[in-house]
Protein chains: 2
Amino acid sequence: MIFKSILALMVLLPPFTFANQPLVIAHRGASGYLPDHTLAGKAMAHQMSPDFIEQDVVMTKDDQLVVLHDLYLNHNSDVAEKFPNRARADGKFYVIDFTFDELKTLRISSAFYNDANQIKAKYPRRFPLFSSVFSVHTFAQEIELIQGLNQVTGKQIGIYPEIKAPWFHQQQGKDITKAVLMELKKYGYQSKQDNIYLQSFDPVALKRIKTTLFAELNMQVKLVQLVAETNWQETQVLNNNTWTNYNYDTMLTKQGLQQVAQYADGIGPWHGSLIIEGRDKTQAIKQAKKIVSNAQTLGLVVHPYTFRKDDLPWYVNSYKDWVIMYKEKIHIDGIFTDFTAETIDILKASSDQ
Amino acid sequence: MIFKSILALMVLLPPFTFANQPLVIAHRGASGYLPDHTLAGKAMAHQMSPDFIEQDVVMTKDDQLVVLHDLYLNHNSDVAEKFPNRARADGKFYVIDFTFDELKTLRISSAFYNDANQIKAKYPRRFPLFSSVFSVHTFAQEIELIQGLNQVTGKQIGIYPEIKAPWFHQQQGKDITKAVLMELKKYGYQSKQDNIYLQSFDPVALKRIKTTLFAELNMQVKLVQLVAETNWQETQVLNNNTWTNYNYDTMLTKQGLQQVAQYADGIGPWHGSLIIEGRDKTQAIKQAKKIVSNAQTLGLVVHPYTFRKDDLPWYVNSYKDWVIMYKEKIHIDGIFTDFTAETIDILKASSDQ
């Protein structure tokens with residue numbers, strides 16, 4: 001009986017998962033090597049054999065779901081050149097103000113920022129700005145890429161979509177949450193056993209999915225509550241008919257996690273919210289371990305973001321040490337990374353020992 | 001001194017090359033897994049770490065160099081639907097009849113053929129027809145992708161462009177050969193030491209490059225003469241002002257190879273021209289070995305095409321046996337393959353033994 005269960009478990013596990021090995025989630029594709037959320041990056045990521053490939057999903061003016069990280073296009077496209085008069089008063093060119101046909105005309109680049117009228121690479125050692133050619137694609141097109149590659153390679157790589165700012169889409173009169181769920185169902189993601197985690201920072205949207213939309217659409221998928229720092233102003237919620245900044249301060253406390261466990265299957269905390277800068281290192285790690293263990297006791301998986309070898313935190317000197325610490329000391333269940341290939345190599349080497 | 005030379009040699013070798021290990025050339029990208037000549041396929045191929053990634057280069061109506069295998073678009077795009085009235089009398093939609101802006105509107109697919117008004121996959125186990133989204137890109141955009149990925153990964157993967165049918169482009173009033181060379185020089189490929197082989201089926205074009213264009217453009221790159229079967233009608237040459245089918249029948253004889261060695265650094269024969277079907281297997285292999293050894297004696301490298309695990313020849317029962325035979329019995333210098341990852345795995349395992 002136990003033997004049978006172990007066999008069943010082995011069949012369910014993705015190809016490169018070992019016992020006690022954290023899941024590897026390819027953050028925005030192969031973003032250490034190619035611009036975020038490009039199909040070329042997703043194909044490259046697939047070849048690295050992560051457990052999941054991540055999508056950020058935003059809605060267009062004509063209600064298409066597209067895969068882009070930001071709600072606006074200022075820092076990864078030539079939108080300011082192609083559509084100079086389409087920024088809002090805050091200077092941002094919002095995805096939601098463009099049709100998909102308009103978005104398709106944009107050139108997508110590695111991320112940049114503006115400095116004295118020049119653009120500069122956010123990560124200088126990554127793919128050069130505006131080199132080669134990349135464009136915006138739909139959520140459906142990305143799912144077809146991953147499912148097609150799964151079919152031809154025999155791998156079973158899952159998807160890990162984030163519904164971007166459901167509250168913002170609601171303010172703009174759009175129901176992105178329901179649209180994403182319908183697309184997932186259309187492509188066969190409809191039970192907790194399917195190879196997907198669906199994530200959002202917005203607890204109101206996640207509760208709505210759990211309590212209303214799953215029943216309405218006759219489906220279920222695993223849900224992950226992303227956790228921000230309150231001062232990022234990541235999420236707005238309605239309080240007495242007023243949109244106000246959501247307060248994440250207590251979400252990682254025991255009580256906060258108990259709330260999350262009511263509607264989600266996991267949490268996606270920022271690594272900086274687990275091991276907090278400025279504290280004593282040993283104490284900070286102990287605290288992180290406690291949060292993770294509290295979450296796991298409640299049945300929540302823990303998938304912190306984002307592990308970048310070109311952006312190490314204060315408490316480690318190498319990317320390898322960082323990954324190994326989170327695996328062996330903090331005991332996380334999964335890891336969002338821009339460097340999937342290196343992360344898998346590190347984890348494999350650590351399990352060989 | 002010898003030690004120093006070995007060190008120098010090691011630095012020059014691509015990352016995964018071992019002594020006596022044939023070069024792996026990713027044929028049309030990752031074509032076993034994604035449609036030919038798509039940027040997503042090239043990015044995926046890059047992650048597999050071949051020695052070279054192949055491009056087929058064709059010219060558009062507005063003199064852009066694009067990466068496409070065929071001179072026409074019938075078997076890998078929706079051209080018949082998007083531009084129904086643009087076929088020539090022979091029913092073919094020629095790349096050269098379209099501007100690059102027109103080509104960009106096409107959807108690219110895995111290869112198909114028409115059967116009773118239905119399209120059917122040429123290779124049924126490959127990426128599904130018209131799934132996800134892929135489009136035509138320029139030669140420059142592909143070089144930028146590969147050079148950018150080399151920069152961020154530290155790999156040194158070369159390019160292996162084929163000038164498609166220079167004779168055809170000449171008939172249409174275009175000089176594709178010179179245009180390709182100028183693009184190569186622009187991107188830094190200009191000496192025999194650079195990480196490139198330039199290939200063509202057209203011996204007239206290759207001789208022109210060697211005797212005229214290299215001097216005119218003050219550059220040199222390694223040249224490979226592709227070898228076809230005469231009855232494919234691959235190449236036309238001018239005989240007494242008449243375009244006639246070029247005869248490849250003697251190209252792989254000792255005398256033929258001596259001719260090729262006058263202008264080229266290598267040959268790219270069809271594997272079926274080396275080990276000829278219908279003959280006694282042992283004799284056929286011996287004959288192939290003789291051709292390869294004759295070529296190598298003349299200083300020519302030998303890179304046969306195309307190794308596909310879903311299209312095995314008559315004399316082997318597995319892809320692995322095929323690759324190992326060509327490496328260990330025929331002693332080829334390189335291999336064009338649709339299945340780069342599997343081929344590298346096979347070669348690595350064989351060198352570990």
Side-chain angles (χ1 to χ4, degrees), chain A residues 26 29-35 38-49 67 100-101 104-105 107 109-110 121 123-155 187 309-310 338-342, chain B residues 26 29-35 38-49 67 100-101 104-105 107 109-110 121 123-155 187 309-310 338-342:
Chain A
S31 45
Y33 319 91
L34 281 176
T38 55
L39 279 185
K42 303 300 168 119
M44 189 180 187
H46 196 281
Q47 182 58 24
M48 298 174 185
S49 300
V67 183
F100 180 53
D101 279 346
K104 278 196 290 188
T105 69
R107 282 189 69 184
S109 166
S110 287
Y123 297 100
R125 303 187 62 175
R126 298 195 180 184
F127 197 81
L129 300 184
F130 289 105
S131 193
S132 192
V133 64
F134 307 100
S135 44
V136 179
H137 61 270
T138 66
F139 185 39
Q141 288 165 343
E142 177 154 340
I143 293 175
E144 289 179 12
L145 180 85
I146 293 169
Q147 292 191 342
L149 283 173
N150 282 347
Q151 184 184 316
V152 290
T153 61
K155 296 177 187 174
Y187 281 97
K309 79 173 182 185
D310 50 3
D338 287 1
F339 295 89
T340 291
E342 287 87 336
Chain B
S31 44
Y33 319 91
L34 281 176
T38 54
L39 279 185
K42 304 299 169 119
M44 190 180 185
H46 196 281
Q47 182 58 23
M48 298 173 185
S49 300
V67 183
F100 180 53
D101 278 346
K104 278 195 290 187
T105 68
R107 283 189 69 184
S109 167
S110 287
Y123 297 100
R125 303 186 61 175
R126 298 195 179 185
F127 197 82
L129 300 184
F130 289 106
S131 193
S132 193
V133 64
F134 307 100
S135 43
V136 179
H137 61 270
T138 66
F139 185 39
Q141 287 165 344
E142 177 154 340
I143 293 174
E144 289 179 11
L145 180 84
I146 293 169
Q147 292 191 343
L149 283 173
N150 282 347
Q151 184 184 316
V152 290
T153 61
K155 296 177 187 175
Y187 281 98
K309 78 172 183 185
D310 50 3
D338 288 0
F339 295 89
T340 291
E342 287 87 336

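Chain A is the first sequence line, chain B the second, and so forth, proteins listed ahead of strands; every chain is numbered from 1. Please read all numbers here as calculations on a predicted model, not as lab measurements.
Put simply, of M44(A), K42(A), Q147(A), the one with the most heavy-atom pairs under 4.5 Å next to chain B is M44(A). Chain A forms more heavy-atom pairs under 4.5 Å with one residue of G32(B), G41(B), A341(B), A43(B) than with any other, namely A43(B). The residue among I143(B), V133(B), I146(B) with the most heavy atom pairs within less than 4.5 Å of chain A is V133(B).
Not counting sequence neighbours, the partners of D101(A) by the side-chain contact (heavy atoms from CB on, under 4.5 Å) test are T99(A), K104(A). Contacts of A26(B) classified as side-chain contact (heavy atoms from CB on, under 4.5 Å), with partners at least two apart in sequence or in another chain: A45(B), P50(B), I53(B), T340(B). With sequence neighbours left out, F130(A) forms a ring-ring contact (aromatic ring centres under 6.0 Å, His included) with F112(A).
Of all non-hydrogen atoms in R125(A) and V152(B), the two that sit nearest each other are O-CG1, 3.3 Å. When every heavy atom of R126(B) is checked against every heavy atom of Q151(A), the shortest pair comes out as O-NE2, 4.5 Å. Closest approach of P128(A) to G148(B), counting heavy atoms only: CD-CA, 4.1 Å.
Between L145(B) and L34(A), the closest side-chain pair of non-hydrogen atoms falls below 4.5 Å.
Atom-to-atom distance recorded for M48(A):CE and M48(B):CE is 11.5 Å, nearest 0.5 angstrom. Summarising the geometry, atom OH belonging to Y33(B) is positioned 11.5 Å from atom NE2 belonging to H46(A); distances are rounded to the nearest 0.5 Å.
For chain A, no part of A30(B) is nearby; none of its heavy atoms comes within less than 4.5 Å.
The interface of residues 135-142 of chain B with chain A, defined by heavy-atom distances below 4.5 Å, comprises H137(B), Q141(B).
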